[in-house]
Amino acid sequence: MRKPVIAGNWKMHKTRDEALQFIFNVTVKVPNREFVETVICAQAPVLRDLVKRQGDHLRIGAQTMHEATEGAYTGETSAALLENIGVSYVIIGHSERREYYNETDETVNRKIHQAYRYDLAPIVCVGEDLSVREAGDTNLHVSAQIKQALKGLNEEQVASLIVAYEPIWAIGTGKTATPEQANDAIKNIRKVISALYNAEIAEQTRILYGGSVKPANIDALMQESDIDGALVGGASLSSKDFLTLVEAALPGK
Ligand code: 13P
């Protein structure tokens with residue numbers, strides 16, 4: 001049994017006051033993390049404040065980090081600092097980072113290794129754009145991203161990895177992939193991991209869906225065999241909606 005994960009990606013939203021209000025609203029209501037992992041990924045300057053108030057079951061993640069240990073990389077954040085301030089997760093290779101900040105499958109791979117050198121759980125994003133989907137090349141494209149991302153990782157690292165399948169055409173568009181489309185792509189990712197490692201490892205890797213996940217569609221997504229949770233943008237900005245998504249991911253729901 002894979003433990004579900006609901007991760008909010010706030011992107012570049014919320015001031016410190018707004019972020020603290022959100023955490024205050026959710027922290028006592030977040031279910032036990034033995035049953036579901038609940039994560040909020042916020043902008044770097046507010047991470048420490050959120051970690052201090054995360055409570056027993058919520059955990060805090062960063063939205064990106066640099067692959068180098070330290071150095072002359074103005075504006076970047078290191079894994080060492082994230083670990084040092086108590087951040088638990090880090091999103092790696094989000095499509096917006098790939099599109100606007102030149103992240104590639106190679107940098108994604110280096111960042112995953114770096115996250116594991118520190119005590120950070122990587123949430124690795126993959127997904128195709130509309131032209132790839134329409135050309136029927138989704139699985140080909142995503143398989144290549146996965147193969148490159150996982151290079152050099154050992155079995156234990158892959159078993160504990162969180163992957164997020166986020167079709168770019170579904171992000172912030174209100175156009176969700178159907179539960180079947182999401183599950184098919186995620187099953188393919190598991191197949192690729194199984195071929196690279198083995199079926200037992202692939203059965204342990206958590207694979208989330210992301211792209212216009214809302215309270216109205218989470219139940220159908222969670223019913224699919226291979227979807228282990230969600231990486232949520234817009235709907236994670238509302239504490240009420242976010243808690244609804246977390247509740248929907250509880251096993252036995
Ligand atoms: P939306 O939920 O706003 O579509 O964003 C998805 C996403 O990019 C999460 O990382």
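Heavy-atom basis, side chains included; hydrogens, waters and symmetry copies ignored. Every number for a ligand or one of its atoms is a count from 1 in the order of the listing.
Residue Pro179 comes nearest to Glu224 through the heavy atom pair CB-OE2, 3.4 Å, listed as atom of the first residue, atom of the second, then distance. The two residues Lys3 and Glu34 come nearest to each other via the heavy atoms CE-O, 3.4 Å. The two atoms that bring Phe22 and Ser238 nearest to each other are CE1-C, 3.7 Å, heavy atoms only. In terms of heavy atoms, Leu47 sits closest to Ala62 at CD1-CB, 3.9 Å. A pairwise comparison of heavy atoms in Leu153 and Tyr116 identifies CD2-CD1, 4.1 Å as the closest pair.
Residue contacts with ligand 1 include Lys11, since one of its heavy atoms falls under 4.0 Å from the ligand. At least one heavy atom of Gly172 sits under 4.0 Å from some atom of ligand 1.
Contacts between Ala170 and ligand 1, counted as non-hydrogen atom pairs separated by less than 4.0 Å, involve the backbone only. Only the side chain of Asn9 comes within 4.0 Å of ligand 1, judged by heavy-atom distances.
Of all atoms in ligand 1, listed by their number and element, those nearer than 4.0 Å to a heavy atom of Ser212 are 1 (P), 2 (O), 4 (O). Heavy-atom proximity to Gly211, at under 4.0 Å, picks out these atoms of ligand 1: 4 (O), 6 (C).
With hydrogens left out, the protein atom closest to atom 3 (O) of ligand 1 is Gly234 N, 2.8 Å, a heavy atom. Summary of contacts: the protein heavy atom closest to atom 9 (C) of ligand 1 is Glu166 OE2, 2.9 Å. When hydrogens are left out, the protein atom nearest atom 2 (O) of ligand 1 is Gly233 N, 2.9 Å; that is the closest non-hydrogen contact.
Across the listed options Lys175, Gln63, His94, His94 owns the non-hydrogen atom lying nearest to atom 8 (O) of ligand 1.
The shortest N or O to N or O distance between Thr173 and ligand 1 is not under 3.5 Å. Between Ala235 and ligand 1, a contact under 3.5 Å exists for no N or O pair. Checking only distances, Glu96 never comes within under 3.5 Å of ligand 1, N or O to N or O.
Shown here is Glu70, whose CD atom has no more than 12 heavy atoms of other residues, nucleotides or ligands within 6.0 Å.
Residues Val87 and Val51 meet the side-chain proximity criterion, which asks for heavy atoms closer than 4.5 Å.
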